[in-house]
Amino acid sequence: MPNTSTSLLRRRSVQVSTSAPSPIPKTQLLLYLIPIIGFFPSLWTLYRGQGSREQLAISRLSITLALTWLLAYLLLATGAASSDFLMLRLFILNSFFTSGYFLVSVWLILRLMQGKSGRLPGFSTLAERVLGKYLS
C-alpha cells in the first residue's frame, strides 16, 4: 500500500513539472508602465534580452515614452530658463507634457488590466524601430 501512494505522488509531481510555462503575470507588465519608475525594470528586461514578445514590446514602449518625456522636459525647461518672454508659456507646456505622459501611462495600464493590447500606434512602431536594433 505505501508503494502505491508514493508512486501516485511521484506521478503528480511529474505532471506538475512538465506542464506548460505559466503566462506572464499582469503585475510584471503593469510595473513596466508605471511612469518614471517602470523605466528601470523595462531597461533591465531589454538588457537581459530574456522575456516574452509581449514583455519586450511593453518594455520598449515604456522606455520610449520615458525618454521622450525626459527629452521634452529638459528642452522645455532649458528654453524657459533662457527666455524671459516665453518662460511662463514653456512651463505651462512642460506641465501639459508631463500630465500627458502620466495619463498615457495610466491609460495603458488600464488597457492591460482589461486584457487589451498595450500598443500605442505611433510610439510602439518607433520603439520597435529604434530600440529593437540596439536593445533586443
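Hydrogens, waters and symmetry mates are skipped; everything else that's a heavy atom, side chains included, is used. These numbers were taken from a predicted model, which means no experiment stands behind them.
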Just wondering, do Leu70 and Ile36 contact through their side chains at under 4.5 Å, heavy atoms?
no
If you group Ile, Leu, Val, Met, Phe, Trp and Tyr by side-chain heavy-atom gaps below 4.5 Å, do Phe96 and Leu90 land in one group?
no
Applying salt bridge (Lys or Arg N to Asp or Glu O under 4.0 Å), can you list everything that pairs with Arg89, at least two apart in sequence or on another chain?
none
Just wondering, do Leu108 and Leu61 contact through their side chains at under 4.5 Å, heavy atoms?
yes
Rounded to the nearest 0.5 Å, the OH atom of Tyr32 sits from the CD1 atom of Ile37 at a distance of 15.0 Å
Does a side-chain N-to-carboxylate-O contact under 4.0 Å join Glu128 and Arg119?
yes
Rounded to the nearest 0.5 Å, how far apart are OH of Tyr47 and OG of Ser59?
15.5 Å
Can you get from Trp107 to Met113 by hopping between Ile, Leu, Val, Met, Phe, Trp and Tyr side chains that sit under 4.5 Å apart?
yes
Around atom CG of Leu110, are there more than 12 heavy atoms of other residues, nucleotides or ligands at under 6.0 Å?
yes
Could you state whether Leu112 and Leu103 fall into the same hydrophobic cluster, counting links through intermediate Ile, Leu, Val, Met, Phe, Trp or Tyr residues with side-chain heavy atoms under 4.5 angstrom apart?
no
Quick check against the 3.5 Å criterion: does Ser95 have a side-chain atom that pairs as donor or acceptor with the backbone of Ile92?
yes
Which heavy atom of Pro41 sits nearest to which heavy atom of Gly38, and what is that distance?
CD-O, 3.5 Å
Considering only heavy atoms from C-beta outward, does the side chain of Leu46 approach that of Arg60 to under 4.5 Å?
yes
Can you confirm whether Phe91 sits close enough to Leu76 that some side-chain heavy atom of one is under 4.5 Å from a side-chain heavy atom of the other?
no
Hey, could you give me the CG/OG1 distance between Leu43 and Thr45, rounded to the nearest 0.5 Å?
9.0 Å
Are Leu93 and Phe85 linked, directly or through intermediate hydrophobic residues, by side-chain heavy-atom contacts shorter than 4.5 Å (ILVMFWY only)?
yes
To the nearest 0.5 Å, atom CD of Gln55 lies from atom CG of Leu29 at 6.0 Å
Say whether Met87 and Leu74 are linked into one hydrophobic cluster, either directly or through other cluster members, by side-chain heavy-atom distances under 4.5 angstrom.
no
Residue pairs fulfilling side-chain hydrogen bond (donor to acceptor under 3.5 Å, both in side chains) with at least one residue in residues 62-87, sequence neighbours excluded
Ser42-Ser62, Trp69-Thr98
Under the ring-ring contact (aromatic ring centres under 6.0 Å, His included) rule, collect the residues that match up with Phe97, sequence neighbours excluded.
none
Distance col, row Ser105:OG vs Leu33:CG, nearest 0.5 angstrom, shows 6.5 Å
Pairwise distance CG(Leu120) to CG(Leu65) - rounded to 0.5 angstrom
6.0 Å
